[in-house]
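Working notes, beginning with the structure itself.
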Protein chains: 2
Amino acid sequence: MVNTDSVSVRVFSLNCWGIHYLSKHCSERYAMIGDALSKEEHDIVLLQEVWSEKDYHSLKKKLACTHPHSHYFKSGVIGSGMAIFSKHRIHDTFLYRYSLNGYPYMAHHGDWFGGKAVGMAVLNIGSLVANVYVTHLHAEYCREKDSYLPHRVVQAWELQQFVRHTSAGADVVILGGDLNMHPQDLGNRLLRSYTGLRDAYLETDVFDGCENGITLIAENPFINKRELVPFEQGIRIDYILFKGSSKTKIYCDSMSTTKGSVPDHPFPYSDHEALTAVLRLEPHTPNETGRGMQSKDQDSAAEKKLAELVDIVTEARTEVKVGLHCAERMRYTVARSGLMGLALLVLELAIAAVPWLALGEEQPFPRVSFYLLAALCFAILLTAILLYIFYTMELKSLQGAEDQMRLAVGGLQEKLRGFPL
Amino acid sequence: MVNTDSVSVRVFSLNCWGIHYLSKHCSERYAMIGDALSKEEHDIVLLQEVWSEKDYHSLKKKLACTHPHSHYFKSGVIGSGMAIFSKHRIHDTFLYRYSLNGYPYMAHHGDWFGGKAVGMAVLNIGSLVANVYVTHLHAEYCREKDSYLPHRVVQAWELQQFVRHTSAGADVVILGGDLNMHPQDLGNRLLRSYTGLRDAYLETDVFDGCENGITLIAENPFINKRELVPFEQGIRIDYILFKGSSKTKIYCDSMSTTKGSVPDHPFPYSDHEALTAVLRLEPHTPNETGRGMQSKDQDSAAEKKLAELVDIVTEARTEVKVGLHCAERMRYTVARSGLMGLALLVLELAIAAVPWLALGEEQPFPRVSFYLLAALCFAILLTAILLYIFYTMELKSLQGAEDQMRLAVGGLQEKLRGFPL
């Protein structure tokens with residue numbers, strides 16, 4: 001039964017920056033976000049960094065009439081939850097936590113504690129099945145010397161795997177979130193070429209927002225302008241991506257973002273800009289007889305795309321290998337420090353034990369220094385053990401991703417050899 | 001293009017129990033396994049508990065001719081890896097690590113450190129796409145008082161989600177592994193009813209193996225018979241499951257298991273028995289015109305199945321709630337212990353500091369006891385903090401699964417209300 005009518009779906013995405021006591025005007029901003037959402041009545045709302053589940057519940061209460069269906073995705077120990085609100089029934093959900101997400105000792109960056117994940121919700125939009133994804137990737141703190149790049153590339157790899165493998169049964173795929181990657185960054189290219197997801201900003205003819213679609217902008221009062229250098233205007237790191245299927249065509253009719261302020265309010269919704277995309281879904285009947293009769297042009301375009309994908313995956317593999325190298329070096333350093341701590345502890349105990357064994361009353365050095373030094377050695381040893389375990393896990397995840405990439409490149413090259421069809 | 005010929009696929013599954021220095025005759029058993037596999041030439045080999053990647057690599061070398069395609073899935077810090085060997089090209093892989101897997105302080109059980117996951121490989125068997133899954137769930141150590149039950153139920157929940165959501169594009173689905181669940185256990189019922197996977201042992205007419213298909217048997221010399229009580233003969237916890245699709249029908253022609261010993265060898269392959277299933281795949285053309293013309297009988301059977309599924313998910317939800325309750329209680333106890341440790345530390349410091357502040361030379365109690373007590377308080381505090389974080393994560397995962405189950409039950413009930421169609 002083919003429905004020839006097209007369906008319009010309005011999608012909203014925002015990184016809420018909802019860390020109470022740390023983000024400015026958190027409660028007031030949530031109130032503003034709730035008001036805007038209940039007024040605008042988007043079909044699908046995708047929120048990131050909803051750190052507290054309480055905030056989700058108060059939003060849920062507020063949006064009970066406009067968005068009766070919702071789900072909260074818990075990702076890390078203390079955050080950085082994601083939420084989806086929908087006009088359409090959500091009948092299934094699934095969460096995938098990325099295997100790598102920064103380092104616990106980089107507590108001031110907080111990504112490790114927040115956890116990062118991709119949440120999926122299966123919706124029915126009319127007679128269509130829509131797989132909707134919301135995600136948030138590891139932040140980039142220093143573009144020149146980005147020690148988190150291998151982690152973010154692995155996250156992008158796992159994200160594309162998750163989307164690709166879970167969306168085979170969907171008529172429509174929509175992904176929204178803070179990817180923390182510029183449009184031409186490796187992870188972004190990897191995600192888009194492997195999944196076939198299209199960027200709403202690049203697809204639409206009607207755009208209302210900041211220049212170049214930037215979503216982390218200098219004008220936003222919550223942004224530290226110095227952190228944007230060398231991108232003085234700002235950067236585009238939040239996205240709404242989509243793709244159709246053999247049964248459904250999808251277009252982006254228009255897109256808009258906020259521009260660093262909200263009318264009648266003293267500050268914006270968040271440190272990120274909010275994205276709204278109007279998507280149009282059109283049922284379409286695949287031309288069965290036309291199959292296998294692809295033109296030469298289509299053939300060579302597909303070949304070119306495949307070759308591009310092979311290059312991108314190879315590039316990602318190289319980046320992961322760099323990460324592997326770093327992790328190995330770090331694990332080696334940690335092991336050496338741990339051994340030194342252990343040696344010092346043993347030495348100290350030996351010095352202390354010798355007079356004690358000889359039943360001598362006097363210790364060779366003051367008790368306080370003795371205990372302090374022992375405590376220090378012990379702390380070094382304990383930290384080294386924990387870090388060693390951590391780096392082993394990091395190595396395993398990186399190695400696992402690299403193995404998968406090698407296998408995937410092999411499969412893609414095999415496919416490429418099949419051209420021209 | 002429909003191929004009317006049927007294809008036969010031989011699938012092998014074994015928990016290798018490959019923990020060097022801990023499992024008996026580990027290297028010899030791997031040599032036996034390698035010999036058997038290269039001789040038997042199964043189409044697909046699924047191995048669990050391949051703890052060391054080195055063993056995978058030596059197997060890979062040995063099976064280079066018979067099984068040119070393979071992949072190793074890394075799951076935990078130190079194990080408990082899984083491997084797949086295949087005659088058919090693997091062109092894609094994906095790994096999902098279960099969010100819950102026992103407790104780190106239950107080190108003697110080792111599950112937490114081993115990690116548990118489900119690995120997926122996408123294979124081409126002729127013109128068919130086969131999604132092959134290999135998995136290993138948390139062990140059951142005491143059936144009467146199984147404190148890991150909520151964790152295993154959540155693992156079964158995540159497993160069914162993973163299989164269901166990733167297999168929409170597959171013509172054939174095959175799952176093999178050590179589920180650590182009896183045939184009628186909650187997690188097993190949940191997995192089979194939600195995914196539609198069928199149990200090879202129950203489907204085949206031709207079976208050669210132990211009575212009731214048991215795979216952990218009393219006759220196996222590596223098994224401690226007392227641990228099997230009250231199941232004196234043994235239990236069935238290893239499975240090969242499968243399902244077809246609208247394009248492909250699948251049958252199990254025969255199945256066999258080892259029986260606790262291997263001819264011409266002094267001991268068996270593992271403490272688990274090895275499973276072999278011969279599956280037959282038959283391409284089939286869905287009867288398009290017959291759609292929507294389901295008989296009343298089919299209708300009521302589907303309704304009954306759906307109602308059963310609702311009951312099972314509800315049962316799983318109850319089990320997860322029990323787990324939530326326990327985790328909350330544990331977190332509360334840990335928080336109280338931590339606070340007591342802190343109070344004691346503060347008290348001790350106060351006692352020590354008062355004479356020191358008064359510039360008194362004498363400590364009110366001996367230095368050694370003072371330092372020992374302080375160290376003890378500190379250790380309690382540190383352990384309490386770590387456990388508090390751990391239980392918080394456990395609570396989040398349990399709560400997350402419970403939320404998903406609630407949503408799923410809602411969706412299923414909605415569907416059920418649609419009957420009769």
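Bear in mind that the values here come from a model prediction, so they are computed numbers and not experimental data. Chain identifiers are assigned alphabetically (A, B, ...) following the order of the sequence lines, protein sequences preceding nucleic acid strands; residue numbering begins at 1 within each chain.
- In terms of heavy-atom pairs under 4.5 angstrom with chain A, the leader among B:Gln161, B:His91, B:Met393 is B:Gln161.
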Kindly indicate, with the supporting measurements, whether the criterion side chain to side chain contact (heavy atoms under 4.5 Å, CB included) is fulfilled by A:Val313 and A:Tyr194. CA-CA 9 Å; A:Val313 178; A:Tyr194 220 149; 4.0 Å; yes
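- Among A:His69, A:Lys415, A:Arg97, A:Gln404, the residue making the largest number of heavy-atom pairs under 4.5 Å with chain B is A:Gln404.
- When heavy atoms are compared at a cutoff of 4.5 Å, A:Leu382 approaches chain B solely by way of its side chain, counted from C-beta outward.
- Ring pair B:Tyr96/B:Phe73: centre-to-centre distance not below 6.0 Å.
- Neither the backbone nor the side chain of A:Leu395 comes within less than 4.5 Å of any heavy atom of chain B.
- Contacts between A:Leu412 and chain B at a heavy-atom distance below 4.5 Å are absent for every atom of the residue.
- Heavy-atom distances place both the backbone and the side chain of A:Phe162 under 4.5 Å from chain B.
- For a residue to count as touching a neighbouring chain, one of its non-hydrogen atoms must lie under 4.5 Å from one of that chain's; by this rule A:Gln399 touches chain B with backbone and side chain alike.
- B:Phe85 has its ring centre less than 6.0 Å from the ring centre of B:Tyr56.
- Heavy atoms closer than 4.5 Å to chain B are found in the side chain of A:Thr392, but not in its backbone.
- Using a 4.5 Å cut-off between heavy atoms, A:Lys74 contacts chain B through its side chain alone, with no backbone atom that close.
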Derivation and outcome, side-chain hydrogen bond (donor to acceptor under 3.5 Å, both in side chains), residues A:Ser397 and A:Tyr98: CA-CA 10 Å; A:Ser397 294; A:Tyr98 300 123; over 6 Å; no
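- For A:Glu414 and A:Arg417, the salt-bridge test passes: some basic side-chain N is under 4.0 Å from an acidic carboxylate O.
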Mind running side chain to side chain contact (heavy atoms under 4.5 Å, CB included) on A:Val409 and A:Gln413 for me, showing each step along the way? CA-CA 6 Å; A:Val409 165; A:Gln413 278 171 336; 3.7 Å; yes
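- With chain B as the partner, the residue from A:Asp403, A:Asn131, A:Val122 showing the most heavy-atom pairs under 4.5 Å is A:Asp403.
- Between A:Lys243 and A:Ser167 there is a side-chain heavy-atom pair separated by less than 4.5 Å.
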